Number of protein chains: 2
Amino acid sequence: MKKISPNTINRVLLYLRVLEDLIKDKRYLVSSGDISRFTGVSDVQIRKDISSFGKVGTPRIGYRTIELKKVLKDFILQCDVVRIVLFGVGNLGKAILKYPGFNKDRIKVVAAFDRLGSRINKKINSVIVYPVERAPEVIKRLRADIGIIAVPKKSAQGVADIMVLSGLRGIVNFSPCPINVPKSVMVKDIDLTIEFLSLCCSIKA
Amino acid sequence: MKKISPNTINRVLLYLRVLEDLIKDKRYLVSSGDISRFTGVSDVQIRKDISSFGKVGTPRIGYRTIELKKVLKDFILQCDVVRIVLFGVGNLGKAILKYPGFNKDRIKVVAAFDRLGSRINKKINSVIVYPVERAPEVIKRLRADIGIIAVPKKSAQGVADIMVLSGLRGIVNFSPCPINVPKSVMVKDIDLTIEFLSLCCSIKA
DNA sequence: TACTGTGAAACGGTTCACAGCC
DNA sequence: GGCTGTGAACCGTTTCACAGTA
């Protein structure tokens, strides 16, 4: 069992998505070239990624979709469902609660938290909004894995602290500032401003 | 003039943000160690990044914030304001239109587009929603640089085609499928589902 | 022929170690 | 001492070239 890099994980998740679509369309064979066309990843890269999990394809034929899906899933995703909690039910938070792409991938927002009294105890898309104080208790009870920070900048670190205390092991941080957490907690920053500015710079080049 | 990688661009944008805060606080000197603490980037990396733009710091003292800001800005961001257009005014689109972080960084959403009659000709946060058909004309008139795809998966490629035709050179794609565009157009995919699943996998490791 | 699998080479980015400077 | 700047070493990832196979 070797360590597999975040980059590879992302790519494999793309392959899995393609495989699921193919299987739904009753296609049972696929080549690395096909997957390349669907994902934009080069075919060599795809073969390298897959071969690191064992020999699963057959030369001249390709990969059997169902088998490949099973192999990739076993290595990548032992968890059946991802339970996430949301901090901050503003515009962005609400959009996440209503995001339609999660269901089919077994991602489930199990609770939301906010400080504003007017938002608390409401249900949004059948997710209950709790006061922040109840976070540790609720998170432990619902056994959430990952938390989303969708609060204003100045509250971000405080929320992150609560998340760590509550036992979350992964954080997606939408706030435009880096947060400080123990190394054991994985953080993924998604900073919209930086993304736009960065893209803008790349264009000029 | 050397090429500078997207990674570096992202880091430099972080430095710039820190510098602006420091200058606002009337701090005129800063060391790479300081910036490291604020951004999480290692101090050596920071010095490497900065030194690729010339010798701007002074040993024993550090960098002068105002000067450094100017140097970085000149290399990174010649554009004064980024004009973006939004395709798809659903939950996510609305959240983007209301995102508060853009103003201070001179990112401006100049127009939005949708197919739904009920959304068209409304103003959201003082941005007008046009019918998709008018996109090429409006985009050219407003001289937008970058477009956002916030439409359902099945419409994503069609919207991307319109964007390319309209002359946009950068696309931020929130839809969960890769889009096909000429190499001259820069694409940044932000796939929420993949992000969550990926984080989940990293946790298990 | 058309595909997978893989060792080797090439590349790019990060870290290290230290020179230079005040 | 404390800081910047930089060539060299290091590491991981991607690409190349090709062996192997039905």
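This is a predicted model, so every value here is computed, not measured. Naming convention: chains lettered A, B, ... in sequence-line order (proteins, then strands); numbering from 1 in each chain.
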**Student:** First contact, last contact: which nucleotides of DNA chain D are these for chain B, 5' to 3', heavy-atom distance under 4.0 Å?
**Tutor:** D:dG1 to D:dA8
**Student:** Would you please name every residue forming a side chain to side chain contact (heavy atoms under 4.5 Å, CB included) with B:Asn10, sequence neighbours left out?
**Tutor:** A:Ile194, A:Ser198
**Student:** In this structure, how many angstroms lie between the C1' atom of C:dG5 and the CD1 atom of A:Ile61, rounded?
**Tutor:** 16 Å
**Student:** If I take atom NZ in residue B:Lys55 and atom P in nucleotide C:dC21, what distance separates them, rounded to the nearest angstrom?
**Tutor:** 8 Å
**Student:** Checking B:Val44 now: which residues fulfil side chain to side chain contact (heavy atoms under 4.5 Å, CB included) with it, not counting sequence neighbours?
**Tutor:** B:Ser42, B:Arg47
**Student:** Can you run down the salt bridge (charged side-chain N to carboxylate O under 4.0 Å, His left out) pairs that involve residues 4-14 of chain A, sequence neighbours left out, and say none if there aren't any?
**Tutor:** A:Arg11-A:Asp49
**Student:** Quick one: A:Arg60 CZ to C:dG5 P, roughly how many Å, whole number?
**Tutor:** 16 Å
**Student:** Report yes if at least one side-chain N or O of A:Tyr63 is closer than 4.0 Å to OP1 or OP2 of C:dG5; otherwise report no.
**Tutor:** yes
**Student:** Could you list by number each residue of residues 28-43 of chain A showing a heavy-atom separation from DNA chain D of less than 4.0 Å, or answer none if no residue does?
**Tutor:** A:Ser42
**Student:** Not counting sequence neighbours, which residues clear side chain to side chain contact (heavy atoms under 4.5 Å, CB included) with A:Val164? List them please.
**Tutor:** A:Val181, A:Pro182, A:Val185
**Student:** Of all residues at least two apart in sequence or in a different chain, which pass the side chain to side chain donor-acceptor pair (under 3.5 Å) check with A:Arg115?
**Tutor:** none
**Student:** Taking the six-membered ring for Trp, are B:Phe102 and A:Phe196 parallel (under 30°), tilted (30 to 60°) or perpendicular (over 60°)?
**Tutor:** perpendicular
**Student:** Which pairs count as salt bridge (charged side-chain N to carboxylate O under 4.0 Å, His left out) when at least one residue sits in residues 96-105 of chain B, sequence neighbours excluded?
**Tutor:** none
**Student:** For nucleotides 8-13 of chain C, list the nitrogen or oxygen atoms of the protein found under 3.5 Å from its nitrogen or oxygen atoms, one pair per line.
**Tutor:**
{"from": "C:dA8", "atom 1": "N6", "to": "A:Lys48", "atom 2": "NZ", "distance (Å)": "3.4"}

**Student:** A:Arg37: what forms a side chain to side chain donor-acceptor pair (under 3.5 Å) with it, not counting sequence neighbours?
**Tutor:** A:Asp34
**Student:** Please output the side-chain donor-acceptor pairs of residues 141-157 of chain A that fall under 3.5 Å, not counting sequence neighbours, one pair per line with the distance.
**Tutor:**
{"from": "A:Asp145", "atom 1": "OD2", "to": "A:Arg83", "atom 2": "N", "distance (Å)": "3.0"}
{"from": "A:Gln157", "atom 1": "OE1", "to": "A:Asn180", "atom 2": "N", "distance (Å)": "2.9"}
{"from": "A:Gln157", "atom 1": "NE2", "to": "A:Asp161", "atom 2": "OD1", "distance (Å)": "2.9"}
{"from": "A:Gln157", "atom 1": "NE2", "to": "A:Asn180", "atom 2": "O", "distance (Å)": "3.1"}

**Student:** Partners of B:Glu133 by side chain to side chain donor-acceptor pair (under 3.5 Å), sequence neighbours excluded?
**Tutor:** none
